[in-house]
Trainee: 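Got a structure for you, written out below as structure tokens; questions coming shortly.
Sequence lines set the chain letters: A, B, ... in the order given, protein chains first and strands last, and positions in each chain run from 1.
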Amino acid sequence: VNASLAAFIGRRVAAALLFVALVSSAAFVLVRIAPGDATTDLHLTRGGAAAAEEARARLGLDRPLLTHLGSWVTGLLTFDLGQSTVYGRPVADLVKERAGATAALASLALLLAAAIGLPLGVLTASRPWVAAAVAPISIALVACPPIIAVLVLLLVAVSTGWLSIAQGSYAVPTLALALPIAAMLERLHSQAMSEMLSSPDLLAAAARGVPRGRLLWVHAARQALRPVLGIAGAVVGALFSGSLAVEMMTSWPGLGRLLFDAVAGRDLFLAAGCALVGAMFVALANLLADVARAVIDPRVRESA
Amino acid sequence: VVAAVGVIYWVQATRNGNAGLAPAGVVRGGRLITTHRSEPQSFNRYTSANPSEEMFARLTQATLVRLNRATGQLEPRLAREWTASPDGLTWTLKLREGIHFSDGMPFSSSDVLFTFQVLYDARVKSPVAASAMIANQPLTVRALDPLTVVVVFPAPYGPGLGVLDSLPILPEHKLRQAFQAGTFQKAWGVTTPVGDFAGLGPFMLREYVPGQRLVYQRNPQFWRSDDQGRPLPYLDEIEVQIVPEQNTEMLRLEAGAVDVTTSHVRAEDLAGLQSLQAKGIVTLNEAGVTINPEMFWLNLNPASTLAKTRPWSQRTELRLAISHAIDRRRIVDTVFLGAAEPVFTHVTPGYGEWFLPDAPRTDYDQTRARALLESAGLADRNGDGKLDDARGETARFTILTQKGHTVRERICAMIQEQLQAVGLTVDVVALERAALIPAIMGGTYEAALFQIEFDSFDPGGHLDLWMSSGDFHLWHPRQPKPATDWEARIDELMLKQSTTLDRAERLRLFAEVQRVLGANLPLIAFAAPKIVVATSARVGGAMPSVLAPPVLWNAEMLWLVPAPAGASGK
């Protein structure tokens, strides 16, 4: 069992590394081949054409794509992510700062989403009137892109004053990220709970006299977590993609905003660095979820 | 009765953002919160030509002279007075006495010499140097004594000392070592400790939190005082929050979390802000109409694909027809919700005395437009309702504009619709800014709608656009010799205009330029939006300008009304 688990983890780690390498290299190549480069805005300044030419040579943008990519990969092997042209700072420092800010926001949003979504899933599966009230709201929130959620929350914040929109306040960005995910968790958990409640082992437990509360909140809720765990990677991916809009609209200094600035400013090293860190987060979440599922359910590691 | 009148006056003045209060009502202290879209790449003005760096430099450093962005006049700054030789080539500037940098070190003419040495140094390759050239030659600067410098122009220059407006004076004692070591380009980067900076501006950087804010505190050494002898600046601190999104910025202003926004108010925000102004929450300051309207132009380079495949596109009649075919009032009402003035060229009333009100106009007249198109050789030859050229091909061209810029996209949609009404087929392609600029500057486009930002009113400072050899002669840049007679005429007039020192003659020459421009329309403008700047109602002393930065250019004169007891912001 241990050998098969170790082999499973080994395969998953290799796949994660390949995924991270592909995503970051693709970001580098896509930004490099897109029209315009980091010197574009210099063309709008007086004497800009000559300055842009000089800057292109200095930044190595006149080199062939493969040479450029090769030098980036070589740097990567020595943990040198290059220098940002938009910010004038080492990319490693920037992504470290911003990834921390995004991770803090995403963790808080995930905790909040789980704290709201999972208990609501139990309630909606077990109480029809709660389901009637909550399900339409959940469906609307699942369908709501984070940019709409953040706009609505900002409008509520300004018109009521209930939520702070001051620089650095967690309220609006956390809620904007958490609510759609809470709704997704509620829907998924509710469905899994409904199936669990009619399963033979739960019916047997009920027949043995296990109290209904314990049956619901301990036995069924725990077993229903398995499909929720299965989408952990997708949830982390959704958090990172959602953070792009949320961070822009709330001026949150995170990875999403940094990536937007990098792409808009054709900052090759920064875009690749952001993609690298984002892919690492997603790969790590997927890896942990896969391992957890493999530990819980041996069939997973056998089938993999 | 007197007391009642006094109370009413005070209430009115407060409602109007205290703009009407006498200087005696000024309150010192407080922290003003403002916003900026992007972060600085450097705190070294001479290694970056970005507007961000210029804005931050204006807070912490000072120039010899300054363009007053509200009046358009040059005013003394570190130079208290100056005289010019009769030929306008030699300018003698007397520096203020007893001035110190923010770190306490004295300022003298050697700092001025050092600044110009850095500016033109081949190793530094300053992107600012091109804006400090006259006739492609650098200025010569020498010191007569610690408080006198002589600036020699290589050629007569109409705008005079205006050329010095964007050149902050650097502390030699702080930067000489980096300059000599050849590391000046890396000096004063964004990771430099704040204690290593020194400047002659009203504020000094106290804190920079990347991605979030920059906090500036009053420079205790600042040399300027107000009319009543009180030291400036009035504010204790300015916090610049990095807010990349304009919608967020507006929401924060509405919520009272921001005092001054980085850019002017968009037409779609105006109605909402007017109701907030009526409630005494914000103050709207109108600065006039822009000097940088959106401009439409066709690629007039004879070597372009457009010129080769569709020769009719180069005809003056086509440009005049396009201008006649556009209902500018509809653009003003629809795109700018009435907050704009119809214009015909990019020289708008915002230029003040430089603007020629009776320049040729191409008023909305579809009949005239059709006649002009016919004279350009375009007619509906196959009865499909679309004009065709002499070869029977549909007359069409593509306008490139900026994706996501709602004003540009809406104007293009209206151009497309209104030109269709006279039979011209137009395609609109919106590109991301980073893709659009290389297309325009590289000449690989047919027509474009875009805006070029100028930082001064004096057209003599915009030769790159006017002269056929200029990089910003948008419709056909960098011509070895003028391709058309009217461009040759503009070259001749602008060369005289920019080298003549007699202001009346300069005005007359520029009026003539506008007549040539209006008759040939290489650049067509449709509307000049009003520049309205919003501040929170507690901000006093704002002198809004159509030039950027609209309020912070005069940060030392801004002050805050203290919040009434018991009041609190959201």
Side-chain angles (χ1 to χ4, degrees), chain A residues 31 34-52 54-55 58 84-90 93-94 97-98 101 150-151 154-155 157-169 172 245 247-254 257-258 260-261 263-266, chain B residues 33 35 38-42 47-51 125-133 185-186 189-191 209-213 239 241-245 247-252 254-258 431-442 452-453 464 470-472 477-478 569-570:
Chain A
V31 175
D37 60 37
T39 67
T40 294
D41 272 353
L42 279 177
H43 287 283
L44 294 182
T45 59
R46 202 168 290 169
E54 189 272 324
R58 183 164 39 83
S84 162
T85 50
V86 168
Y87 290 91
R89 296 179 56 199
D93 292 354
L94 279 165
E97 275 169 23
R98 303 301 178 93
V150 75
L151 278 174
L154 281 171
L155 284 174
V158 171
S159 51
T160 64
W162 294 341
L163 302 168
S164 168
I165 60 165
Q167 186 93 334
S169 167
V172 172
E247 288 176 4
M248 282 302 292
M249 296 301 294
T250 59
S251 308
W252 187 265
R257 203 177 107 193
L258 196 66
F260 179 87
D261 289 347
V263 174
R266 297 290 190 266
Chain B
I33 301 175
T35 56
S38 56
E39 294 183 57
Q41 292 178 4
S42 166
T47 58
S48 171
N50 291 328
K125 292 178 184 162
S126 173
V128 183
S131 64
M133 299 275 198
Q185 279 198 322
K186 291 180 181 166
V190 288
T191 52
V209 183
Q212 296 187 43
R213 64 183 173 276
E239 177 182 333
Q241 296 183 349
I242 306 300
V243 181
E245 233 288 325
N247 293 315
T248 313
E249 185 185 47
M250 280 297 144
L251 287 169
R252 287 195 183 169
E254 289 174 26
V258 157
L431 294 177
E432 200 193 349
R433 183 182 160 87
L436 177 66
I437 293 170
I440 290 176
M441 301 313 281
I452 297 293
E453 193 129 340
D464 272 354
D471 284 342
F472 292 99
R478 297 177 287 277
K570 284 175 188 171

Trainee: Which answer fits A:S84, side chain, backbone, both or neither, if we ask what part of it has an atom under 4.5 Å from a heavy atom of chain B?
Mentor: neither
Trainee: Looking at chain A, which one of B:I242, B:T191, B:N247 has the largest number of heavy-atom pairs inside 4.5 Å, strictly under?
Mentor: B:I242
Trainee: Please rank B:P210, B:A439, B:S42, B:G470 by heavy-atom pairs under 4.5 Å with chain A and give me the top one.
Mentor: B:P210
Trainee: Chain B heavy atoms under 4.5 Å from A:T85: which part of the residue, side chain, backbone, both or neither?
Mentor: backbone
Trainee: What residue, out of A:V263, A:T250, A:I165, A:L258, has the most heavy-atom pairs lying under 4.5 Å from chain B?
Mentor: A:I165
Trainee: If you take all heavy atoms of A:A157 and A:V172, which pair is closest and at what distance?
Mentor: CB-CG2, 4.3 Å
Trainee: With the threshold set at 4.0 Å, does a side-chain nitrogen-carboxylate oxygen contact exist between B:E245 and A:R257?
Mentor: no
Trainee: Check whether any side-chain N or O of A:R266 sits under 3.5 Å from a backbone N or O of A:T39 as a donor-acceptor pair, and report yes or no.
Mentor: no
Trainee: When you measure from the side chain of B:E39 to the backbone of B:G211, do you find a donor-acceptor pair of N or O atoms at a distance under 3.5 Å?
Mentor: yes
Trainee: For a quick test of reading the model, state the closest non-hydrogen atom pair linking A:S169 to A:S164 and the distance between them.
Mentor: OG-O, 3.3 Å
Trainee: Output the option from B:R478, B:E249, B:Q241 having the highest count of non-hydrogen pairs under 4.5 Å with chain A.
Mentor: B:Q241
Trainee: So what's closer than 4.5 Å to chain A heavy atoms on B:V243: side chain, backbone, both or neither?
Mentor: both
Trainee: Highest number of heavy-atom pairs under 4.5 Å with chain B: which of A:M249, A:Q167, A:M248?
Mentor: A:Q167
Trainee: Taking side chain to side chain contact (heavy atoms under 4.5 Å, CB included) as the test, write out the residues that go with A:L155, two or more places apart.
Mentor: B:L251
Trainee: For A:E97, check salt bridge (Lys or Arg N to Asp or Glu O under 4.0 Å) against everything at least two apart and list the hits.
Mentor: A:R89
Trainee: In terms of heavy-atom pairs under 4.5 Å, which option from B:Q41, B:M441, B:K186, B:R252 contacts chain A the most?
Mentor: B:R252
Trainee: Checking B:E432 against chain A: side chain, backbone, both or neither under 4.5 Å from a heavy atom?
Mentor: side chain
